[in-house]
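Down below is the structure, laid out as structure tokens.
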Amino acid sequence: MPLDLSLRDINGDLIFGTVPPALREKLVSREYRLIDENFTTVDSREEIYCVTELYGYAPKTADGAPEVFVKYDSEYIKRPATKDPAGVFSETIPKVTTHTIEGDYFKLYMGSTAAAKLRAGDLILISGVQGSARMTFPYTTIYKREGDFIWIPQITAIYSTGSESVSGVTLLNCFKGTNTGWINGVLTLKREYVQRGSRTASSPIRQCVTFHDDYPAIIPADRITDAQGFDVDTVDGSSKPDITEYKVLCADGAWYMPNDSEPKPEHTLFINKSSYCRYMP
């Protein structure tokens, strides 16, 4: 029911009183309507009732679009994983006695310059060359980095002249340059890409709220997809956006919507809430 400023009470008095013309025009233009009412008795015989009515409207802009109300807050947001092929580099592993075994991991000394370029999660390939002989290792990821050291899982290698497995201790001697029966030439670490795993972190968000007379359409989230259009949680060279576009969005501080909007009823009106956060590397 629309707001009727001419309504009178039981005594014939205007319920809303005398409304100035300018205010009347504004109220009418906003299209207030009844969105809730409550009945309560005011006498012991329950013959007289007090009716409380709540009127509301869905604010619109001059062109008729829903007006957007903004507030800032924080939420836990799932950040995508990233694989950056631009991070490819090769580095010689120095042969030093500080290479050791710690539990299930090799602790390798890389030196300050090389170690500073590496991080946990990087996909790496280690290979060894001595003359025509070659030792190859399976791809592995860096478990952690601290200072000038990296930790990788204990892995075995294949010696190219005999296709023989190399045990962890023998492999460590290759890193130290003390095992003359295997590769004592150049040992090279190659990073295929810079990798960062998906994580959930508290992030500043911008909440945008609109009000509607009817149930609003859900605004879809900004999703990361593969080349076929399927949702993925990793940004790489073939995703949309790809890693190059993603880094530009991060540098620009662009906003995106990680989840679909959330329509819900508010009395007989509807609210549609969208939360945005900034792209972050």
Side-chain angles (χ1 to χ4, degrees), residues 1-3 22-23 25-38 52-84 121 194-236 238-281:
M1 182 177 71
L3 176 62
L23 178 57
E25 182 180 352
K26 181 180 291 186
L27 293 174
V28 171
S29 67
R30 288 178 174 174
E31 299 180 349
Y32 276 94
R33 62 183 175 88
L34 181 66
I35 62 173
D36 195 16
E37 59 183 351
N38 184 43
T52 303
E53 296 183 337
L54 177 65
Y55 289 81
Y57 74 103
K60 297 180 176 60
T61 61
D63 60 1
E67 186 173 351
V68 180
F69 297 86
V70 179
K71 73 172 185 176
Y72 292 87
D73 203 342
S74 63
E75 287 183 7
Y76 280 92
I77 302 296
K78 184 178 180 181
R79 300 288 183 181
T82 56
K83 293 181 179 180
D84 187 357
V194 177
Q195 177 174 332
R196 188 202 64 204
S198 175
R199 70 196 191 281
T200 300
S202 180
S203 305
I205 63 166
R206 185 183 70 197
Q207 285 187 347
C208 297
V209 177
T210 54
F211 294 83
H212 304 263
D213 294 313
D214 301 307
Y215 193 86
I218 295 175
I219 303 172
D222 296 310
R223 292 183 166 84
I224 299 168
T225 61
D226 60 16
Q228 287 73 45
F230 294 103
D231 289 355
V232 294
D233 60 2
T234 300
V235 180
D236 56 22
S238 61
S239 64
K240 297 182 182 300
D242 63 28
I243 188 64
T244 301
E245 295 166 335
Y246 185 82
K247 289 193 291 185
V248 171
L249 292 168
C250 292
D252 292 344
W255 294 88
Y256 77 103
M257 195 166 72
N259 300 302
D260 293 347
S261 67
E262 303 173 32
K264 64 178 183 179
E266 183 70 17
H267 299 293
T268 60
L269 296 175
F270 296 90
I271 290 178
N272 201 6
K273 184 180 74 172
S274 306
S275 295
Y276 297 81
C277 65
R278 292 189 187 275
Y279 286 95
M280 295 182 67

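All of these numbers come straight from a predicted model, not from anything done at the bench.
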Could you state the interatomic distance from CG (Leu34) to OG1 (Thr268), rounded to the nearest 0.5 Å?
-> 7.0 Å
Between CG on residue Asn259 and NZ on residue Lys273, distance to nearest 0.5 Å | 10.5 Å
If you round to the nearest 0.5 Å, how far is OG of Ser238 from CG of Asp242?
-> 8.5 Å
What are the two closest heavy atoms between Ser275 and Ile205, and how far apart are they?
-> OG-CD1, 4.0 Å
Checking Arg206 against Tyr72: charged group under 6.0 Å from the ring centre and within 45 degrees of the axis?
-> no
Measure the shortest side-chain to side-chain distance between Ser74 and Pro204 over non-hydrogen atoms and say whether it is less than 4.5 angstrom.
-> no
Give a yes or no answer on whether the side chain of Glu25 reaches the backbone of Ala22 with a donor-acceptor pair at less than 3.5 Å.
-> no
With a 4.5 Å heavy-atom cut-off, do Asp36 and Glu53 have their side chains touching?
-> no
Report yes if some heavy atom in the side chain of Leu54 is under 4.5 Å from a heavy atom in the side chain of Glu37; otherwise report no.
-> no
Over all heavy atoms of both residues, which pair between Pro80 and Tyr246 is shortest? Give the atoms and the distance, please.
-> CG-OH, 3.6 Å
Short N-O contact, Lys240 and Asp226, less than 4.0 angstrom = no
Ionic contact status for Asp84 with Lys247, cut-off 4.0 Å | yes
Among side-chain atoms of Ser203 and Arg79, is any donor-acceptor pair under 3.5 angstrom?
-> yes
Could you tell me whether the side chain of Tyr55 reaches within less than 4.5 Å of the side chain of Ile35, counting heavy atoms only?
-> no
With Thr210 via side chain to side chain donor-acceptor pair (under 3.5 Å) - residues at least two apart | His212
Any side-chain heavy-atom pair of Gln207 and Val70 under 4.5 Å | no
Heavy-atom side-chain proximity of Val235 to Tyr279 below 4.5 angstrom | no
Go through the side-chain N and O atoms of Thr61 and Asp63 and say whether any donor and acceptor fall under 3.5 Å apart.
-> yes
Could you tell me the separation between the CZ atom of Phe230 and the CD atom of Gln228, rounded to the nearest 0.5 Å?
-> 7.0 Å
To the nearest 0.5 Å, atom CG of Leu249 lies from atom OG1 of Thr244 at 11.0 Å
Hey, are Arg223 and Asp260 close enough for a salt bridge, meaning a charged N less than 4.0 Å from a carboxylate O?
-> yes
Hey, does Pro66 have a side-chain heavy atom less than 4.5 Å from the side chain of Pro59?
-> no
Close aromatic pair by centroid cut-off 6.0 Å: Phe270 and Phe211 | no
Over all atoms of both residues, closest heavy-atom pair of Tyr256 and Arg278 = CE2-O, 3.6 Å
Ignoring hydrogens and geometry, is there a side-chain-to-backbone donor-acceptor pair from Ser261 to Ile219 under 3.5 Å?
-> yes
Stepwise, does the side chain to side chain contact (heavy atoms under 4.5 Å, CB included) test hold for Val209 with Ile271?
-> CA-CA 7 Å; Val209 177; Ile271 290 178; 3.5 Å; yes
Considering only heavy atoms from C-beta outward, does the side chain of Pro216 approach that of Pro263 to under 4.5 Å?
-> yes
Under the side chain to side chain contact (heavy atoms under 4.5 Å, CB included) criterion, do Leu269 and Asp213 qualify, and how do the steps go?
-> CA-CA 5 Å; Leu269 296 175; Asp213 294 313; 3.6 Å; yes
Is the backbone of Met257 close enough, under 3.5 Å, to the side chain of Asp222 for a donor and an acceptor to pair up by distance?
-> yes
